[in-house]
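Worth knowing before you read on, the calculation uses all heavy atoms, side chains too, and leaves out hydrogens, waters and symmetry mates.
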Amino acid sequence: MDADAIIIGAGACGLMCAVQAGFLGKKVVVLEKNSKPGAKILISGGGRCNYTNQWATTEQFISANPHFLKSSFNQWTVEDTISFFETYGIVGKEKTLGQLFPNDKNAKDVVEIFTSLCEEMEQEIWCNIEVKDIEQTSNGFSVKYAIGDKIKTISAPKVVIASGGLPIPKMGATDFALRFARNSGLKIIETAPALVPLTITGKDEDWYAQLSGNSVFCEVSNDEISFEENILFTHWGLSGPAILQISSYWRRGEVFNINLLPNQNILELIEDERKTNGKTLLSTLLNRFYAKKFTDALGKFLPLTKTVADLSKADMELVYQTIHEFKVKPAGDKGYDKAEVMRGGIDTSEISSKTLECKKIPGLYFGGECMDVTGWLGGYNFQWAWASGFVIAQNI
């Protein structure tokens, strides 16, 4: 093959890299483990694909070096992403908190843009390919891969590793990038599932399980950060946007706080109610804010059958703590099977922030999720994937 570069992985980063390289007249071959490109794009946002966030900045990312992202995000902005997709017929519609989804299209249409452009520019995407190893040669790199029961090699002057992280193994997730980096002597920031549901076991397990299916708008926080979105009770613990967000900042053994009534003060509400109708039951007051099933469950902690007039100072303190300072100590998380992304990865100190080229291995580039760059829920990780793909394409 007479290719300028080999791209490992036909996910968001790899596909953007292939297309942008094509715009520059560069020939690439994309090697993909799955039977079709864009597997993770296709399932994102329930098949609707939250392809960016209009408020994305470096502030919404977790990394040992948060400044690393600045160069990439200056080179490929949110406006660039919006403009790129609009050019090919996808107009964004904000769902919530800056999250952009295709207005009248879906994830298949997002992937179709890339596959069509690759076809037009004769960029090749080879599927059902399992990359085994990369070796440096006098002319660049030789990539060893398996197709069926055959082992073959392909060579090019440059190689891009955009093979993703560990989440969702059934979608073809692989540890190739991490394994190769580790074997090459590159530093790895410890990895863990992120944007992942959390599990509850022990004495509180049944209390959470009985509320399975109930969703409550909350503020979830720890000492580092807070998020205001819905939480979802499940038969094994907690999920929903706010829980997925805090999970990226949570470590096993830690406790975090849930404010079950953000933006209001339950004590003030009780005082107001006392002035108008002191005979109102606490349960009746709470039913104004929660589903009856959820209010009933709070009866484990609160004197629901007391009237607001009869609540003692100790009762009021208990109500405040339960509603505004509900403490949760998860047992663990649902693992990579249910995680949307991976925390940690290849240490960004090993990679040029301007070009995304590996400092120790010239001609080799890393992009997307395999690196120690983890975005919040809501299109941020796609923005990083598009940006890193663009930046690499400029430099291969």
Side-chain angles (χ1 to χ4, degrees), residues 40 42-48 50 95-97 99 165-171 173 191-222 225-262 282-283 286-302 304 318-319 321-343 374 376-378:
K40 209 169 168 185
L42 291 169
I43 65 162
S44 68
R48 290 181 55 228
N50 174 197
K95 183 183 173 188
T96 180
L97 299 172
Q99 300 172 18
L166 302 174
I168 322 181
K170 67 184 177 190
M171 299 305 297
T191 58
L195 299 182
V196 63
L198 300 174
T199 58
I200 305 287
T201 59
K203 62 181 174 59
D204 295 325
E205 187 175 355
D206 291 344
W207 187 82
Y208 285 86
Q210 70 170 328
L211 286 167
S212 183
N214 274 253
S215 181
V216 183
F217 182 79
C218 299
E219 180 190 31
V220 180
S221 63
N222 62 10
I225 201 158
S226 68
F227 296 97
E228 275 191 25
E229 284 189 79
N230 280 2
I231 66 170
L232 175 68
F233 289 85
T234 70
H235 61 273
W236 34 255
L238 289 168
S239 188
I243 295 300
L244 298 185
Q245 296 280 39
I246 203 74
S247 73
S248 296
Y249 294 86
W250 176 78
R251 302 294 183 272
R252 198 174 292 268
E254 290 180 355
V255 174
F256 61 82
N257 188 75
I258 299 181
N259 181 347
L260 294 165
L261 197 62
L282 177 59
S283 60
L286 293 178
N287 279 334
R288 294 174 192 169
F289 306 100
Y290 310 114
K292 185 176 183 303
K293 188 176 181 182
F294 187 71
T295 298
D296 291 348
L298 290 175
K300 177 178 177 180
F301 314 105
L302 300 177
L304 296 181
L318 185 61
V319 170
Q321 287 177 348
T322 302
I323 299 300
H324 294 301
E325 298 175 355
F326 193 91
K327 299 288 187 278
V328 179
K329 186 178 182 180
D333 59 56
K334 292 294 280 182
Y336 286 116
D337 280 348
K338 301 293 183 185
E340 298 209 10
V341 291
M342 174 183 80
R343 191 176 72 229
T374 306
W376 289 2
L377 184 74

Which heavy atom in Pro193 sits nearest to a heavy atom in Ala339, and how many Å separate them?
-> CB-CB, 3.7 Å

Is it true that a side-chain atom of Glu254 and a backbone atom of Arg251 form a donor plus acceptor pair closer than 3.5 Å?
-> yes

Are there more than 12 heavy atoms of other residues, nucleotides or ligands under 6.0 Å from atom NZ of Lys203?
-> no

Pairwise side-chain contact, Phe289 with Leu261, heavy-atom cut-off 4.5 Å (strictly under) | yes

Value for CZ (Phe256) from OG (Ser247), rounded to nearest 0.5 Å, stands at 9.0 Å

When you look at His324 and Leu260, which way does the side chain to side chain contact (heavy atoms under 4.5 Å, CB included) test go after all the steps?
-> CA-CA 6 Å; His324 294 301; Leu260 294 165; over 6 Å; no

is_close_aromatic(Tyr208, Trp236), centroid dist under 6.0 Å = no

All heavy atoms of Lys329 vs all of Gly253, minimum pair found to be CE-O, 3.3 Å

To the nearest 0.5 Å, what is the distance between CD1 (Ile43) and CZ (Arg48)?
-> 15.0 Å

In short, Lys338 meets Pro197 closest at the heavy-atom pair O-CD, 3.8 Å

Which heavy-atom pair separates Val341 from Lys40 by the least distance, and what is that distance?
-> CA-NZ, 4.5 Å

Any chance you could measure Leu238, atom CG, to Ser212, atom OG, to the nearest 0.5 Å?
-> 10.5 Å

Between Phe227 and Trp250, is the ring centre distance below 6.0 Å?
-> no

Atom pair CD1/CD of Ile243 and Glu229 - distance to nearest 0.5 Å | 11.0 Å

Over 60° means perpendicular and under 30° means parallel, so classify the ring planes of Phe294 and Phe233, tilted if in between.
-> tilted

One should read off an interatomic distance between Thr191 OG1 and Tyr336 OH, to the nearest 0.5 angstrom, of 3.5 Å

When Ile200, Val220, Val255 are each screened for side-chain contact (heavy atoms from CB on, under 4.5 Å) with Val328, the one that passes is Ile200

Answer yes if the side chains of Asn50 and Lys95 hold a donor-acceptor pair under 3.5 Å, and no otherwise.
-> no

In this structure, which one of Lys293, Lys300, Lys292 forms a side-chain hydrogen bond (donor to acceptor under 3.5 Å, both in side chains) with Asp296?
-> Lys292

Nearest 0.5 Å, what's the OG-CG distance between Ser215 and Leu232?
-> 5.5 Å

Okay, side chain of Gln245, backbone of Leu195: is any donor-acceptor separation there less than 3.5 Å?
-> no

Heavy-atom closest contact (Leu244 atom, Glu340 atom, distance) = CD1-OE2, 3.9 Å

Provide the closest heavy-atom pair for Pro167 versus Ala173 in the form atom of the first, atom of the second, distance.
-> O-CB, 2.9 Å

Spell out, as yes or no, whether a donor-acceptor pair under 3.5 Å connects the side chain of Thr199 to the backbone of Gly237.
-> no

Close side-chain approach of Trp376 to Leu97, heavy-atom, < 4.5 Å | no

Walk me through it: do Val216 and Asn230 pass the test side chain to side chain contact (heavy atoms under 4.5 Å, CB included)?
-> CA-CA 5 Å; Val216 183; Asn230 280 2; over 6 Å; no

Backbone of Ala331 reached by a side-chain donor or acceptor of Arg252 within 3.5 Å | yes

Check whether any side-chain heavy atom of Glu325 sits under 4.5 Å from a side-chain heavy atom of Asn259, and report yes or no.
-> no

Exactly one of Thr234, Val196, Leu198 clears side-chain contact (heavy atoms from CB on, under 4.5 Å) with Lys334, and that residue is Val196

Given Asn214 and Tyr290, is the side chain to side chain contact (heavy atoms under 4.5 Å, CB included) satisfied, shown in steps?
-> CA-CA 10 Å; Asn214 274 253; Tyr290 310 114; over 6 Å; no

Kindly determine whether Ile168 and Asp337 satisfy side chain to side chain contact (heavy atoms under 4.5 Å, CB included), including the steps that lead there.
-> CA-CA 5 Å; Ile168 322 181; Asp337 280 348; over 6 Å; no

